[in-house]
Amino acid sequence: MNNSKFKESEKIQFDVIVVGAGLAGSSAAAIAARSGLKVALIERGQNPGGKNFFGGALYPHALEEVYPDFWSRKPPLERPVTEAGFWFLSKDGLVKMTVQGGQLNQKPADAYVALRAKFDPWWAEQAQKEGVFLIPKTAVVDFLRDPNGKVSGVLTDRPQGEVYAPVTIVCEGVNNLLTQKLGLAKHDLNPSHVALGVKQLISLPPETINTRFGLPSNEHGLAISVMGDVSMGLTGLGFIYTAADCVSVGLGVNLNLLDQHRIRPYELLQRYLNHPFIAPLIAGGRLMEYGAHLIPEGGWRDMPKLYTDGVLVAGDSASMVNALHWEGTNMAIVAGKAAGETAVAAHQQKDFSEKMLASYRERLKDRFVMQDLYQYRNLSRFLNSHPEFMDVYPNFLNDAMGMFFGGFGKPKKQLYREILHSLTKRRPLYRAAGDLISFGRTVMGW
Ligand SMILES: Cc1cc2nc3c(=O)[nH]c(=O)nc-3n(C[C@H](O)[C@H](O)[C@H](O)COP(=O)(O)OP(=O)(O)OC[C@H]3O[C@@H](n4cnc5c(N)ncnc54)[C@H](O)[C@@H]3O)c2cc1C
């Protein structure tokens with residue numbers, strides 16, 4: 001079959017259409033093709049990952065679910081994550097709370113830094129090896145319907161661009177226009193439930209990365225979430241990931257708050273990159289890329305209905321992201337796999353009805369995807385209504401640690417009084433205690 005041209009006269013018929021060759025899409029397509037189905041994977045980019053500037057963490061548990069022989073395929077991963085945790089920035093200080101060794105010594109590691117511009121083409125290539133027919137440079141613009149109104153395929157932006165299949169898996173990412181078109185998403189993206197991620201990829205020699213981040217060798221990597229003097233008090237997190245020969249530094253901040261406070265994302269990023277504890281880490285590096293991407297943070301509360309007659313939705317398009325843990329890639333892969341399995345089951349039963357496809361949700365019900373999204377269902381709201389977590393507490397932590405490790409020769413009773421005062425001058429004690437309890441309850445899902 002010719003990848004580049006649709007023949008005008010033929011009705012192009014597949015068993016399964018997958019929209020979007022990101023992590024969810026290529027996973028869904030591979031699973032469906034492995035069982036012998038004829039699968040079209042339609043990607044609007046020049047090639048999969050072509051526009052993806054992500055440098056973040058991928059999680060082997062999910063990758064191995066799709067390819068049990070994942071490691072023997074020589075995946076293009078950058079570095080295992082051997083140090084991870086939080087950094088708390090004040091205006092001119094830094095408290096680090098990271099872990100290395102111990103649980104993180106596992107081989108393979110639980111997380112690997114990856115560059116999606118490299119990884120996604122490779123991930124799609126693995127799907128092609130299963131028999132998936134990749135159609136790049138083609139955007140799906142609408143759905144085709146049979147006389148009963150059931151989705152029977154997709155309309156692409158190519159001339160005579162109708163492609164037919166009894167089941168379509170939508171993995172279109174955060175801009176879920178197709179999901180909305182189906183009426184599955186309740187509404188357009190809500191700016192207060194979306195973070196804008198802005199970041200830079202900065203090239204540095206591997207030895208420089210190792211020295212600056214305290215990594216013993218190229219076989220060690222760092223994944224850090226940064227709180228405090230990153231987001232100017234707005235709900236958001238910074239991040240730093242070390243790849244093989246570049247560093248990915250950026251932040252994700254609530255889009256609505258950016259707009260309300262009239263803060264330009266790139267100025268915020270620049271401010272973060274100029275911080276006295278961040279700037280030396282990237283000094284002299286060459287800017288390889290910078291860009292912005294939305295992150296759906298509404299989670300459970302924004303999740304669209306995941307299926308309808310002839311259609312399934314997976315990944316970011318279904319709001320499957322746990323923003324606190326930076327878990328979106330594994331949710332996309334696991335959901336993509338479950339969608340692929342559901343398409344296979346539907347073909348076995350020759351039933352593509354909504355009732356049959358509802359088993360997709362059942363497949364995800366007992367997995368971390370649904371469980372975590374439900375557990376964290378109130379987190380986004382909580383953080384938006386508790387800005388103290390973005391400035392008061394990181395600043396207090398910096399002061400408290402500084403005082404504790406600097407209060408030599410001072411009566412310790414006085415030292416503790418001063419530490420307590422540095423909290424209470426920012427937030428009354430009863431409120432701080434309440435914040436902590438509410439945070440705990442929100443995260444635990446109580
Ligand atoms: C700055 C940032 C940092 C992040 N860091 C992490 C991290 O460290 N770890 C983690 O797990 N997650 C992270 N995430 C989240 C993670 O990137 C996403 O959850 C994940 O990529 C979702 O995968 P997906 O396959 O659903 O969507 P995507 O990867 O966005 O793929 C969607 C694909 O569909 C294609 N497409 C869209 N519309 C159409 C159409 N109409 N026709 C054809 N093709 C179409 C797109 O071109 C794209 O290739 C981060 C996100 C951001 C923005």
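Every number for a ligand or one of its atoms is a count from 1 in the order of the listing. Predicted, not measured: the structure shown is a model, and the values here were computed from it.
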Show which side-chain atoms of residues 167-179 pair as donor or acceptor with protein atoms under 3.5 Å away, not counting sequence neighbours.
{"residue": "E172", "atom": "OE1", "partner": "L177", "partner atom": "N", "Å": "3.3"}
{"residue": "E172", "atom": "OE1", "partner": "L178", "partner atom": "N", "Å": "3.0"}
{"residue": "E172", "atom": "OE2", "partner": "L178", "partner atom": "N", "Å": "3.2"}
{"residue": "E172", "atom": "OE2", "partner": "T179", "partner atom": "N", "Å": "2.8"}
{"residue": "E172", "atom": "OE2", "partner": "T179", "partner atom": "OG1", "Å": "2.6"}
{"residue": "N176", "atom": "OD1", "partner": "Q180", "partner atom": "NE2", "Å": "2.9"}
{"residue": "N176", "atom": "ND2", "partner": "S317", "partner atom": "O", "Å": "3.2"}

I'd like a table of the close N/O pairs between ligand 1 and the protein (anything under 3.5 Å), one pair per line with both atom names and the distance.
{"residue": "ligand 1", "atom": "8 (O)", "partner": "A57", "partner atom": "N", "Å": "2.9"}
{"residue": "ligand 1", "atom": "8 (O)", "partner": "Y241", "partner atom": "OH", "Å": "2.9"}
{"residue": "ligand 1", "atom": "9 (N)", "partner": "A57", "partner atom": "O", "Å": "3.0"}
{"residue": "ligand 1", "atom": "9 (N)", "partner": "W326", "partner atom": "O", "Å": "2.8"}
{"residue": "ligand 1", "atom": "11 (O)", "partner": "W326", "partner atom": "O", "Å": "2.9"}
{"residue": "ligand 1", "atom": "11 (O)", "partner": "G328", "partner atom": "N", "Å": "2.9"}
{"residue": "ligand 1", "atom": "11 (O)", "partner": "T329", "partner atom": "N", "Å": "2.8"}
{"residue": "ligand 1", "atom": "11 (O)", "partner": "T329", "partner atom": "OG1", "Å": "2.7"}
{"residue": "ligand 1", "atom": "12 (N)", "partner": "G328", "partner atom": "N", "Å": "3.4"}
{"residue": "ligand 1", "atom": "19 (O)", "partner": "D316", "partner atom": "OD1", "Å": "2.6"}
{"residue": "ligand 1", "atom": "21 (O)", "partner": "R116", "partner atom": "NH1", "Å": "2.8"}
{"residue": "ligand 1", "atom": "21 (O)", "partner": "R116", "partner atom": "NH2", "Å": "3.4"}
{"residue": "ligand 1", "atom": "25 (O)", "partner": "L23", "partner atom": "N", "Å": "3.1"}
{"residue": "ligand 1", "atom": "25 (O)", "partner": "A24", "partner atom": "N", "Å": "2.9"}
{"residue": "ligand 1", "atom": "26 (O)", "partner": "D316", "partner atom": "N", "Å": "2.8"}
{"residue": "ligand 1", "atom": "29 (O)", "partner": "R116", "partner atom": "NH2", "Å": "2.7"}
{"residue": "ligand 1", "atom": "34 (O)", "partner": "C171", "partner atom": "O", "Å": "3.4"}
{"residue": "ligand 1", "atom": "41 (N)", "partner": "V140", "partner atom": "O", "Å": "2.9"}
{"residue": "ligand 1", "atom": "42 (N)", "partner": "V140", "partner atom": "N", "Å": "2.9"}
{"residue": "ligand 1", "atom": "44 (N)", "partner": "R44", "partner atom": "N", "Å": "3.1"}
{"residue": "ligand 1", "atom": "47 (O)", "partner": "E43", "partner atom": "OE2", "Å": "2.7"}
{"residue": "ligand 1", "atom": "47 (O)", "partner": "R44", "partner atom": "NE", "Å": "3.2"}
{"residue": "ligand 1", "atom": "49 (O)", "partner": "E43", "partner atom": "OE1", "Å": "2.7"}
{"residue": "ligand 1", "atom": "49 (O)", "partner": "E43", "partner atom": "OE2", "Å": "3.3"}

- So, do F239 and W87 have ring centers that fall under 6.0 Å from each other? no
- Task: Return the orientation label for the F382 and H386 ring planes: parallel under 30°, perpendicular over 60°, tilted otherwise.
- Result: parallel
- Hey, can you tell me if Y67 and W123 have their rings parallel, tilted or perpendicular (30° and 60° cut-offs)? perpendicular
- Is there a donor-acceptor contact under 3.5 Å from the side chain of H193 to the main chain of P296? no
- Message: Testing D302, L255, V194 one by one against L189 for a side chain to side chain contact (heavy atoms under 4.5 Å, CB included), which residue passes?
- Response: V194
